[in-house]
K.L.:
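One structure coming up, written as structure tokens, with questions to follow.
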Amino acid sequence: MLLAIDCGNTNTVFSIWDGESFLATWRTSTEHQRTADQYYVWLSTLMKLRGIDAEITDVIVSSTVPRVVFNLRVLADRYFGTRAMVVGRPDCALPVDVRVDAGTQVGPDRLVNTVAGFDLYGGDLIVVDFGTATTFDVVDADGAYVGGVIAPGVNLSLQALHEAAAALPHVDISRPQTVVGTNTVACMQSGIFWGYVGLVREICARIKAERDRPMKIISTGGLAPLFQQTEALFDDFKDDLTMHGLTVIYSHNKT
Ligand SMILES: Nc1ncnc2c1ncn2[C@@H]1O[C@H](COP(=O)(O)OP(=O)(O)O)[C@@H](O)[C@H]1O
Ligand SMILES: CC(C)(COP(=O)(O)O)[C@@H](O)C(=O)NCCC(=O)O
Ligand SMILES: [K+]
């Protein structure tokens with residue numbers, strides 16, 4: 001059984017895959033101080049609670065935070081007796097090309113999203129991932145990652161307003177009823193929500209114009225549904241896109 005770990009700058013997601021479907025998925029905050037022993041106590045407790053007594057034989061990791069990889073490798077070694085595959089390392093092959101400037105270290109999450117998008121939808125895609133940062137990954141007709149866009153994340157933008165301006169409170173994102181806010185919170189939500197709708201529309205339109213061909217737009221990440229439900233910005237939304245990509249890369253390296 002495979003343990004797939006997707007470590008973002010905010011959250012780390014663990015999923016158990018039996019070769020056909022995910023048996024369970026758990027989320028914890030990303031903290032580079034967490035040791036292998038701490039991960040194991042947490043994980044084995046949750047597995048017991050869910051009645052999963054599957055033996056984990058393989059581990060694959062994608063991490064946008066280089067420092068956590070060490071402890072995740074120790075977790076795989078010590079508790080599952082296996083060497084973790086780590087996306088982005090030379091010994092973890094990708095089923096697609098990466099065509100970017102020499103020396104660029106593309107975020108492994110973006111490579112995984114590219115692989116997942118190509119596997120599920122074919123080529124000529126824009127994958128939009130609403131994480132700590134909002135990333136746009138451009139997938140060529142043959143599935144290659146050919147670059148993209150990095151914008152500040154939705155919550156990061158709200159947090160930045162709060163931290164930089166004494167009179168602006170901490171606010172959660174939601175879709176405001178009107179564009180013109182009549183109180184501080186509504187004004188902030190409007191700026192971020194409608195600003196983001198415009199950002200996504202403009203960037204996708206410009207990518208399509210630059211590449212001069214039809215492209216599907218696929219979204220993932222916790223906040224994608226908020227924009228999809230009301231504004232129909234995307235052709236499809238896939239909650240577990242990154243996890244799916246990890247299973248594809250795992251299978252590619254196993255055979
Ligand atoms: N369903 C959700 N509703 C609201 N906020 C969410 C949801 N899922 C994630 N978030 C928030 O979105 C931001 C990005 O989260 P996540 O996608 O886990 O980021 P990363 O992959 O970079 O760790 C965080 O601020 C997180 O708290
Ligand atoms: C852009 C990112 C910070 C997004 O990370 P996330 O929001 O998923 O935590 C990450 O993919 C990254 O660190 N990328 C490296 C630079 C690049 O992809 O070009
Ligand atoms: K991510």
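When a ligand or atom number is given, it counts from 1 through the structure's own listing order.
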K.L.:
Select one of side chain, backbone, both or neither to describe which atoms of Asp129 lie under 4.0 Å from any atom of ligand 2, heavy atoms only.
P.N.:
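The answer is neither.
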
K.L.:
Can you sort out which atoms of ligand 2 are near Asp109, meaning under 4.0 Å from one of its heavy atoms?
P.N.:
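What qualifies from ligand 2 is 4 (C), 5 (O), 6 (P), 8 (O), 10 (C), 11 (O).
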
K.L.:
Once you restrict to heavy atoms under 4.0 Å, what part of Thr132 touches ligand 2? Side chain, backbone, both or neither.
P.N.:
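For Thr132, backbone and side-chain atoms both sit under 4.0 Å from ligand 2.
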
K.L.:
Does ligand 1 have a heavy atom under 4.0 Å from the side chain of Thr64, from its backbone, from both, or from neither?
P.N.:
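For Thr64, no heavy atom sits under 4.0 Å from ligand 1.
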
K.L.:
When you check the gap from the basic side-chain N to the acidic O, do Arg213 and Asp140 get nearer than 4.0 Å?
P.N.:
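A salt bridge is present here (some side-chain N lies under 4.0 Å from a carboxylate O).
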
K.L.:
Can you find a heavy atom in the side chain of Phe118 that is under 4.5 Å from one in the side chain of Tyr145?
P.N.:
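The answer is no, as the side chains (C-beta and beyond) never meet within the 4.5 Å cut-off.
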
K.L.:
Against heavy atoms of Asn9, which atoms of ligand 2 measure under 4.0 Å?
P.N.:
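So the answer, numbered in order with elements, is 3 (C), 5 (O), 6 (P), 9 (O).
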
K.L.:
Tyr196 vs Phe227 aromatic rings, parallel, tilted or perpendicular, using cut-offs 30° and 60°?
P.N.:
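Tilted, since the angle between the ring planes falls between 30° and 60°.
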
K.L.:
Using a 4.0 Å cutoff against the non-hydrogen atoms of Gly131, which atoms of ligand 2 qualify?
P.N.:
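Heavy-atom distances to Gly131 below 4.0 Å select 7 (O).
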
K.L.:
Within the structure, does Val106 bring an N/O atom to less than 3.5 angstrom of an N/O atom in ligand 2?
P.N.:
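Between Val106 and ligand 2, no N or O pair is found under 3.5 Å apart.
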
K.L.:
Counting each atom of ligand 1 from 1 as listed, which ones have a heavy atom of Phe130 under 4.0 Å away?
P.N.:
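Once the distances to Phe130 are compared, the set is 17 (O).
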
K.L.:
Could you check which of Gly107, Gly131, Gly222 puts a non-hydrogen atom nearest to atom 7 (C) of ligand 1?
P.N.:
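That would be Gly222.
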
K.L.:
Counting each atom of ligand 1 from 1 as listed, which ones have a heavy atom of Arg27 under 4.0 Å away?
P.N.:
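So the atoms of ligand 1 that pass are 18 (O).
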
K.L.:
Step through the shown structure and confirm whether more than 12 heavy atoms of other residues, nucleotides or ligands are within 6.0 Å of CD on Gln33.
P.N.:
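Check passes, neighbour count above 12.
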
K.L.:
List every atom of ligand 2 that sits less than 4.0 Å from any heavy atom of Gly8, numbering the atoms from 1 in the order shown and giving each element.
P.N.:
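Near Gly8, the atoms of ligand 2 are 9 (O).
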
K.L.:
Between Asp97 and Arg99, does at least one N-O distance fall below 4.0 Å, as a salt bridge requires?
P.N.:
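So Asp97 pairs with Arg99 through a salt bridge.
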
K.L.:
Identify which of Leu223, Val65, Thr10, Thr132 has a heavy atom lying nearest to atom 3 (N) of ligand 1.
P.N.:
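Looking at heavy atoms only, the winner is Leu223.
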
K.L.:
If you measure from each non-hydrogen atom of Asn155 to ligand 1, which part falls under 4.0 Å: side chain, backbone, both or neither?
P.N.:
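Looking at Asn155 and ligand 1, just side chain atoms fall under 4.0 Å.
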
K.L.:
Given side chains that start at C-beta, do those of Cys204 and Met215 come closer than 4.5 Å, heavy atoms only?
P.N.:
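Of all side-chain heavy-atom pairs linking Met215 with Cys204, none is under 4.5 Å.
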
K.L.:
Are any of the side-chain heavy atoms of Asn71 and Arg34 separated by less than 4.5 Å?
P.N.:
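They are not in side-chain contact.
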
K.L.:
Between Ile207 and Ile217, is any pair of side-chain heavy atoms under 4.5 Å apart?
P.N.:
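Not touching, per the 4.5 Å side-chain cut-off.
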
K.L.:
Before you tell me yes or no, could you show the steps for Thr220 and Asp129 under side chain to side chain donor-acceptor pair (under 3.5 Å), namely the whole-Å CA-CA distance, both residues' side-chain angles and the distance that decides it to 0.1 Å?
P.N.:
CA-CA 5 Å; Thr220 190; Asp129 189 334; 5.3 Å; no

K.L.:
Between Gln105 and ligand 2, find which residue part has any heavy-atom pair under 4.0 Å and reply side chain, backbone, both or neither.
P.N.:
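For Gln105, only backbone atoms sit under 4.0 Å from ligand 2.
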
K.L.:
Between Ile150 and ligand 2, does any nitrogen or oxygen pair lie at a separation below 3.5 Å?
P.N.:
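No; every N/O pair is 3.5 Å or more apart.
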
K.L.:
Is the shortest distance from a Lys or Arg side-chain nitrogen in Arg110 or Asp137 to a carboxylate oxygen in the other one below 4.0 Å?
P.N.:
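Yes.
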
